[in-house]
Protein chains: 2
Amino acid sequence: MRRECGKWGHRLRNHGFRSTFTREIILETLEATSEHLSPEDIYKKIKTYYSTIGLATVYRTLEILIELGLVNKLDFDDGRKRYELAENVSSKTHHHHLICISCRKIIDYSDFLNDEIEFLNKIEKKLEMKHNFKIQDHFIGFTGLCSVCLS
Amino acid sequence: MRRECGKWGHRLRNHGFRSTFTREIILETLEATSEHLSPEDIYKKIKTYYSTIGLATVYRTLEILIELGLVNKLDFDDGRKRYELAENVSSKTHHHHLICISCRKIIDYSDFLNDEIEFLNKIEKKLEMKHNFKIQDHFIGFTGLCSVCLS
DNA sequence: CTACCTGCAAACTCTTTGCAAGCAG
DNA sequence: CTGCTTGCAAAGAGTTTGCAGGTAG
């Protein structure tokens with residue numbers, strides 16, 4: 001199945017990877033949702049209209065997309081990894097997660113980013129100096145109970 | 001193998017669990033290290049002097065210890081879960097992690113906690129209100145490159 | 001054309017479960 | 001004694017790998 005030059009083609013080619021239908025479709029699937037999809041989720045969604053796709057290819061593609069920085073890997077401790085488009089290539093803004101320890105619901109939040117930036121600015125440089133560590137990224141999150149599980 | 005009343009006995013019994021040699025030994029193993037042990041790590045350490053212990057028991061015990069809040073489960077994306085004694089029952093202070101994405105080394109840090117507390121105080125209440133979510137715990141961490149991998 | 005990419009199936013690794021025997025209380 | 005706990009073995013679940021055929025460039 002050939003495709004001229006998908007939306008993501010140049011990003012792949014710039015890094016020495018080929019632009020293929022499968023890779024485009026996986027990126028489009030991630031782009032089209034606000035959920036945090038597992039490899040199996042992605043596989044099933046695509047399978048409905050592209051029935052010969054293989055689950056192994058989804059895994060292999062996700063690995064590449066992470067390497068390119070197009071996708072983030074997430075762990076909410078529900079037994080599988082989950083993936084989301086990186087913020088710099090998606091319409092999503094910088095955000096973090098509230099994780100319900102009862103029903104496993106995930107809430108994305110993008111609030112109070114100024115406070116976050118202020119906090120990170122205060123400590124990142126100092127952390128790097130003290131521990132001789134080059135920080136590339138951070139993660140922040142809260143666990144607790146969502147409104148449904150509270151009542 | 002019977003034991004009168006281990007150091008952790010009352011904590012287990014208070015929650016309706018029995019105090020057993022295996023459970024004591026797992027807690028002592030976690031207490032004795034500054035590493036973040038996987039179930040297999042714990043199993044192997046104990047196996048050297050208590051050879052009939054089963055790996056399944058380690059998994060089952062860790063689940064209980066998490067339920068009791070004695071232990072924290074960690075994920076550093078290296079294919080296995082890792083465990084550490086909770087700060088309120090250990091000599092460790094509140095801390096977070098720097099994770100080297102190259103060699104997977106983990107650095108615990110306990111610095112700049114005042115800045116962290118200030119930040120959390122600013123946003124937790126507001127997050128709870130806005131998203132109708134009861135926060136119980138938080139996690140913070142940084143990924144990047146350690147000094148060895150930098151050079 | 002040629003090297004990279006893919007689907008399929010099998011292999012692997014970590015984790016969970018069933019069960020009979022063993023212990024704590 | 002009674003029911004929770006354990007070790008062992010087997011099963012489960014998610015992920016990775018080998019390989020032959022397919023395809024991008």
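Reminder, nothing fancy here: chain letters follow the sequence lines and each chain counts from 1.
Side-chain nitrogen and oxygen atoms of A:T22 include none within less than 4.0 Å of the OP1 or OP2 phosphate oxygen of C:dC5. Under 4.0 angstrom from either OP1 or OP2 of D:dG7 there lies at least one side-chain N or O belonging to B:Y50. In this structure, A:T57 reaches the C:dG7 phosphate: one of its side-chain N or O atoms is under 4.0 Å from OP1 or OP2. Between B:R23 and D:dT6 there is a side-chain N or O to OP1 or OP2 distance below 4.0 Å. Note on B:Y59: a side-chain N or O is less than 4.0 Å away from OP1 or OP2 of C:dT15.
A straight line from CG of A:L12 to P of D:dA24 spans 13 Å, rounded to a whole angstrom. Atom CD1 in B:I25 sits about 15 Å away from atom P in C:dC23, given to the nearest Å. The separation between A:Y43 atom OH and C:dT6 atom C1' is 13 Å, rounded to whole Å. To the nearest angstrom, C1' of D:dG14 lies 10 Å from OH of A:Y83. Spacing between atom CH2 of A:W8 and atom P of C:dC5 amounts to 18 Å, rounded to whole angstrom units. Between B:E24 atom CD and D:dT6 atom C1' the separation is 16 Å, expressed in whole Å. Whole-Å rounding puts the A:L55 CG to C:dC12 P distance at 18 Å. The interatomic distance linking B:D41 (CG) with C:dT13 (P) rounds to 16 Å, in whole Å.
Both A:K47 and B:F17 sit near DNA chain C, but only A:K47 has its closest nucleotide nearer the 5' end. Place B:A56 and A:A56 on DNA chain D by their nearest nucleotides, and B:A56 ends up nearer the 5' end. Positionally, the nearest nucleotide of DNA chain C for B:D78 lies more toward the 5' end than for the other of B:D78 and B:R60.
Nearest approach of B:L62 to B:P39, heavy atoms of both residues: CD1-CG, 4.0 Å.
B:R80 contributes no side-chain N or O that forms a donor-acceptor pair with the base of D:dG14 under 3.5 Å. Contact of A:R18 with D:dG22 (side chain to base): no donor-acceptor pair of N or O atoms is detected under 3.5 Å.
Aromatic pair A:H138/A:H96: ring centres closer than 6.0 Å. Separation of the A:H97 and A:Y109 ring centroids does not fall under the 6.0 Å cut-off.
With C:dA24, C:dA9, C:dT16 as the choices, the nucleotide that has an atom nearest any side-chain atom of B:T20 turns out to be C:dA24. Closest approach to the B:P39 side chain among D:dG7, C:dT6, C:dT15 is made by C:dT15 (side chain taken as heavy atoms from C-beta onward).
Summarising the local packing, NZ of B:K130 is surrounded by 12 or fewer heavy atoms from other residues, nucleotides or ligands at distances under 6.0 Å.
Side chain to side chain, B:T33 and B:E35 meet the donor-acceptor criterion of an N or O pair below 3.5 Å.
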